[in-house]
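Written below as structure tokens is the structure these notes are about.
Quantities reported herein were computed from a predicted structural model and do not represent experimental measurements.
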Amino acid sequence: MKIYNTLSKQKEEFIPLYDNYVTMYVCGPTVYDYFHIGNARSFIMGDMLRRYLEYKGYKVKYAMNLTDVDDKIINKANDEKTSTDTIAQKYIDVFFDDLAKLKVKPADVYPKATEHMNDMIELVKDLEEKGTAYNVNGNVFYDVSKFKDYGKLSGKKIDELESGSRVEVNDQKRNPLDFALWKKAKDGEPFWESPWGKGRPGWHLECSAMSMKHLGKTIDIHAGGNDLIFPHHENEIAQSEACCTDQFVRYWVHFGFLNFKEEKMSKSLGNFFTAREILKNHSAEAIRLLFAQTHYHAPLNFSKELLEASEKGLEKLNNLIDSIVEIKNSGKLEEDSNKFSFSEFYLEFEQAMDDDLNTPRAVAVIFDFIKHVNKLLTEYPSSKNLIHSIEIFLNKTTDDVLGICNVKENEKNNAASLEPNLIEILIGIRADAKKNKNFELADKIRNDLAEIGIILKDSKDGTTYTRKNI
RNA sequence: GGCGGCGUGGCCAAGCGGUCUAAGGCGAAGGUCUGCAAAACCUUUAUUCAUCGGUUCGAAUCCGAUCGCCGCCUCCA
């Protein structure tokens with residue numbers, strides 16, 4: 001498989017450090033608020049990458065940090081007259097809750113900054129000993145001039161950055177680009193004891209320390225939004241490679257922004273929808289399909305209309321699943337000797353995904369597949385092998401990798417309870433009504449069922465139904 | 001000012017030197033089926049890829065210029 005590596009600015013063949021074991025780190029949330037649908041794009045695309053690696057047979061160790069010490073958390077705690085811990089815990093719960101709703105597979109570890117103080121302090125001590133960090137009255141800064149590769153990820157040059165007007169002025173720094181590794185505590189702020197006095201870590205530090213601790217000094221994939229390339233990821237490289245390793249990350253993966261009305265969706269611009277808000281009216285599957293329909297690297301212009309279009313597209317998939325479930329429940333299935341391997345669809349799906357996770361192409365393969373099997377289904381309406389092969393294909397691709405459908409769940413919903421039997425009875429009554437040309441009654445039954453989300457469909461072989469969320 | 005990205009049908013979006021008179025989704029139009037619907041299926045919907053030049057036997061794809069949009073350089077996924 002090929003992956004675009006921000007470091008080399010080109011697609012590279014992905015070869016993990018150790019055989020079939022992949023280490024992957026995705027920058028997680030600062031837990032001070034609900035995350036928005038733009039943040040969700042990173043979480044979901046990271047999830048799809050991880051799922052596809054697993055599909056390919058890799059064993060993936062996946063870590064996502066929780067930033068629970070930060071200015072924004074402190075401010076929020078002050079505003080709400082509560083502790084930073086309370087704020088952090090509240091939004092950690094929210095985060096997990098929303099991620100689960102978005103069908104994002106849980107990471108193997110969710111390291112928290114507050115639980116890795118010693119690791120971070122050790123890292124800073126090490127940098128200080130090596131002369132790459134300096135202490136000014138309890139503030140410890142990283143000396144950018146000591147790291148010759150500084151700028152290798154973002155393509156920025158130290159002198160060019162210096163001449164830029166936006167670099168913060170700080171008397172204590174030797175160089176305006178130097179960044180804080182350890183910040184001296186101000187009154188009323190949470191703090192930890194350290195060799196430099198009471199304070200807290202700078203914001204790049206945790207990712208370096210926790211990535212190396214949980215995944216090893218050199219990891220395979222580190223991913224995050226485009227806006228993290230500089231300075232965050234650049235600084236992570238500087239910290240980690242100056243202290244502990246020749247290569248911190250082998251493949252840097254960055255996700256394009258989610259825009260709203262041609263502008264980056266962000267908290268500071270205020271033009272955002274929280275994921276939670278969107279999930280009230282739209283399914284996780286539709287959100288995931290929408291994201292999959294654009295390449296992860298490109299910007300995605302978000303709108304509710306687009307989401308609705310994806311929702312409609314999903315219906316094609318769901319209708320297929322419904323008809324499969326319906327056929328299975330009907331008891332009409334027969335053993336047969338037909339073989340349906342769908343190997344060309346698997347191949348095309350894999351070729352698309354192997355090409356830098358080209359999910360839009362993969363989705364196109366899925367829709368081609370749907371069209372193809374719908375035809376087969378009319379040709380072989382009772383083939384057990386057909387149904388079985390379709391289910392396996394959908395499970396592997398649309399469910400396991402893309403996370404946009406769930407065959408098993410649909411079956412469960414359909415099979416549960418007395419409901420199917422009751423619906424069959426109503427269908428029977430309606431069939432009699434139709435026979436007697438009592439269309440008024442027939443339509444009433446259909447309309448009333450539609451109101452509770454049961455959609456009847458007539459065909460020459462009888463009436464079937466599907467369920468729709470209302 | 002420095003660095004990076006983008007401009008493909010009504011909308012979204014793949015394609016990145018020949019199979020492109022350009023995949024797939026949404027939308028629209030017609031048809032098959034049906035008491036009517038729904039679903040499904042079949043047609044139709046870009047001789048053209050921001051514009052202008054160039055390279056090449058051949059360009060949406062490479063190069064240059066122009067126009068337009070966006071992002072990073074400050075917290076941000």
Checklist entry - Taking CG from A/Asp448 and P from B/A38, how many angstroms apart are they, rounded to a whole number? => result 19 Å

Checklist entry - With sugar-phosphate meaning primed atoms plus P, OP1 and OP2, does A/Asp71 contact a base, only sugar-phosphate, or nothing at under 4.0 Å between heavy atoms? => result nothing

Next on the checklist: Under 4.0 Å, counting only non-hydrogen atoms across every strand here, what does A/Lys434 touch: a base, just sugar-phosphate, or nothing?
Outcome noted: base

Next on the checklist: Applying a 4.0 Å non-hydrogen cut-off, can you work out what A/His36 is touching in the nucleic acid: base, sugar-phosphate, or nothing?
Outcome noted: base

Checklist outcome for this item: When rounded to whole Å, the CD to P distance for the pair A/Glu262 and B/G71 reads 10 Å

Item to check | Proximity of A/Phe260 and A/Phe273 rings by center, below 6.0 Å | outcome: yes

Checklist entry - Is it true that the NZ or CZ of A/Arg50 lies under 6.0 Å from the centre of A/Tyr62's six-membered ring and within 45 degrees of the ring axis? => result yes

Checklist entry - Under 6.0 Å between the ring centres of A/Phe43 and A/Phe35? => result yes

Next on the checklist: Nearest heavy atom decides the nucleotide; on that basis, is A/Val363 or A/Glu440 closer to the 5' end of RNA chain B?
Outcome noted: A/Val363

Checklist entry - Rounding to a whole Å, what distance do you find between A/His295:NE2 and B/A23:C1'? => result 16 Å

Checklist entry - Is there a donor and acceptor pair closer than 3.5 Å between the side chain of A/Asn438 and the base of B/G35? => result no

Checklist entry - Contact class for A/Met265 vs. all strands (heavy atom < 4.0 Å): base, sugar-phosphate, or nothing? => result base

Item to check | Charged tip of A/Lys434 within 45° of A/Phe439 ring normal and under 6.0 Å | outcome: no

Next on the checklist: If I take atom NZ in residue A/Lys9 and atom P in nucleotide B/C6, what distance separates them, rounded to the nearest angstrom?
Outcome noted: 13 Å

Checklist outcome for this item: Of the candidates B/A14, B/C41, B/G71, the side chain of A/Phe257 sits closest to B/G71

Item to check | First of A/Ser266 and A/Leu300 reached from the 5' end of RNA chain B, by closest nucleotide | outcome: A/Leu300

Next on the checklist: Of the listed nucleotides (B/A14, B/C36, B/C41), which one gets closest to any side-chain atom of A/Asp458?
Outcome noted: B/C36

Checklist entry - Can you tell me the Watson-Crick or wobble partner of B/C33, both distances under 3.5 angstrom? => result none

Item to check | Distance, rounded to the nearest Å, where A/Gln351 contributes CD and B/A14 contributes P | outcome: 18 Å

Next on the checklist: For a quick check of understanding: with a heavy-atom distance under 4.0 Å over all strands, which category does A/Leu320 fall into, base, sugar-phosphate or nothing?
Outcome noted: nothing

Next on the checklist: Applying the Watson-Crick and G-U wobble criteria at under 3.5 Å, what pairs with B/C16? Answer none if nothing qualifies.
Outcome noted: none

Checklist entry - With a 4.0 Å cut-off on heavy atoms, is A/Leu290 in touch with a base, just the backbone sugar-phosphate, or nothing at all? => result nothing

Checklist entry - Between A/Thr359 and A/Gln293, do the side chains contain an N or O donor and an N or O acceptor separated by less than 3.5 Å? => result no

Checklist entry - What's the closest nucleotide to the A/Asn259 side chain, out of B/A39, B/C70, B/C11? => result B/C70

Checklist entry - Between A/Asn374 and B/A40, does any side-chain N or O lie under 4.0 Å from OP1 or OP2? => result no

Item to check | Pairing partner (Watson-Crick or G-U wobble, both distances under 3.5 angstrom) of B/G53 | outcome: B/C63

Next on the checklist: Just to be sure I understand the rule, does A/Gly38 reach a base, reach only the sugar-phosphate, or reach nothing, if contact means heavy atoms closer than 4.0 Å?
Outcome noted: base

Checklist outcome for this item: By the Watson-Crick or G-U definition, both distances under 3.5 Å, B/G9 is matched with none

Checklist entry - Of the nucleotides B/G15, B/A23, B/C75, which has the atom closest to the A/Ala364 side chain? => result B/A23

Next on the checklist: When you measure from the side-chain N and O atoms of A/Asn226 to the phosphate of B/G4, is any distance below 4.0 Å, counting only OP1 and OP2?
Outcome noted: no

Next on the checklist: Does a side-chain N or O of A/Lys264 approach OP1 or OP2 of B/A77 to a distance below 4.0 Å, or not?
Outcome noted: no

Next on the checklist: Quick one about A/Glu277 and A/Tyr34 (side-chain donor to acceptor, distance below 3.5 Å, no hydrogens or angles considered), yes or no?
Outcome noted: no

Checklist entry - Got A/Tyr251 and A/Tyr4 here, is their nearest side-chain heavy-atom distance under 4.5 Å? => result no

Item to check | Atom C1', compared across B/A22 and B/C16: separation rounded to whole Å | outcome: 12 Å

Checklist outcome for this item: As its Watson-Crick or G-U partner within any shown strand, both distances under 3.5 Å, B/U45 has B/G27

Item to check | Proximity to the side chain of A/Arg430 - top-ranked nucleotide from B/G35, B/A14, B/G27 | outcome: B/G35

Checklist entry - Between the side-chain atoms of A/Arg446 and the base atoms of B/A37, is any donor-acceptor pair under 3.5 Å? => result yes

Checklist entry - For B/G15, does OP1 or OP2 lie under 4.0 Å from any side-chain N or O of A/Asn358? => result yes

Checklist entry - Salt bridge or not for A/Asp108 and A/Lys61, using N-O below 4.0 Å? => result no

Checklist entry - From B/C75, B/A77, B/G35, pick the nucleotide closest to the side chain of A/Lys72? => result B/C75

Item to check | Qualifying residue for side chain to side chain contact (heavy atoms under 4.5 Å, CB included) with A/Phe302, from A/Leu290, A/Asn259, A/Ile287 | outcome: A/Leu290

Checklist entry - With rounding to whole Å, what would you report as the distance between B/C42 and B/C33 at their P atoms? => result 16 Å

Item to check | Nearest-Å distance for atom pair CD1/P, residues A/Ile321 and B/A40 | outcome: 13 Å

Checklist entry - Across all strands shown, which nucleotide pairs with B/C72 by Watson-Crick or G-U wobble geometry, both distances under 3.5 Å? => result B/G2

Checklist entry - Using the C1' atom in both, what is the distance from B/U43 to B/U61, to the nearest Å? => result 31 Å

Next on the checklist: By the 4.0 Å heavy-atom rule, please label A/Lys375 as base, sugar-phosphate, or nothing.
Outcome noted: sugar-phosphate

Checklist entry - Within this structure, what is the CD-to-P distance between A/Glu308 and B/C12, rounded to whole angstrom? => result 15 Å

Item to check | For B/A22, the Watson-Crick or wobble partner whose two distances fall under 3.5 Å | outcome: none

Checklist entry - Heavy atoms under 4.0 Å, any strand shown: does A/Gly46 hit a base, just sugar-phosphate, or nothing? => result nothing

Checklist outcome for this item: Of the listed B/C76, B/G25, B/G24, the closest approach to the A/Lys316 side chain comes from B/G25

Next on the checklist: Students often get this wrong, so: under 4.0 angstrom with heavy atoms, is A/Lys267 touching a base, only sugar-phosphate, or nothing?
Outcome noted: nothing

Next on the checklist: If the cut-off is 4.0 Å, is A/Lys156 near the phosphate of B/C72, judged by side-chain N/O to OP1 or OP2?
Outcome noted: no

Next on the checklist: Checking contacts here: which listed nucleotide (B/G24, B/C76, B/A77) is nearest the side-chain heavy atoms of A/Ser268?
Outcome noted: B/C76

Checklist outcome for this item: Of the listed B/G35, B/C73, B/A77, the closest approach to the A/Phe230 side chain comes from B/C73

Checklist entry - Whole Å only: how far is the CG atom of A/Leu376 from the P atom of B/C42? => result 12 Å

Checklist outcome for this item: Which of B/A13, B/C76, B/C36 is nearest the side chain of A/Thr294? It is B/A13

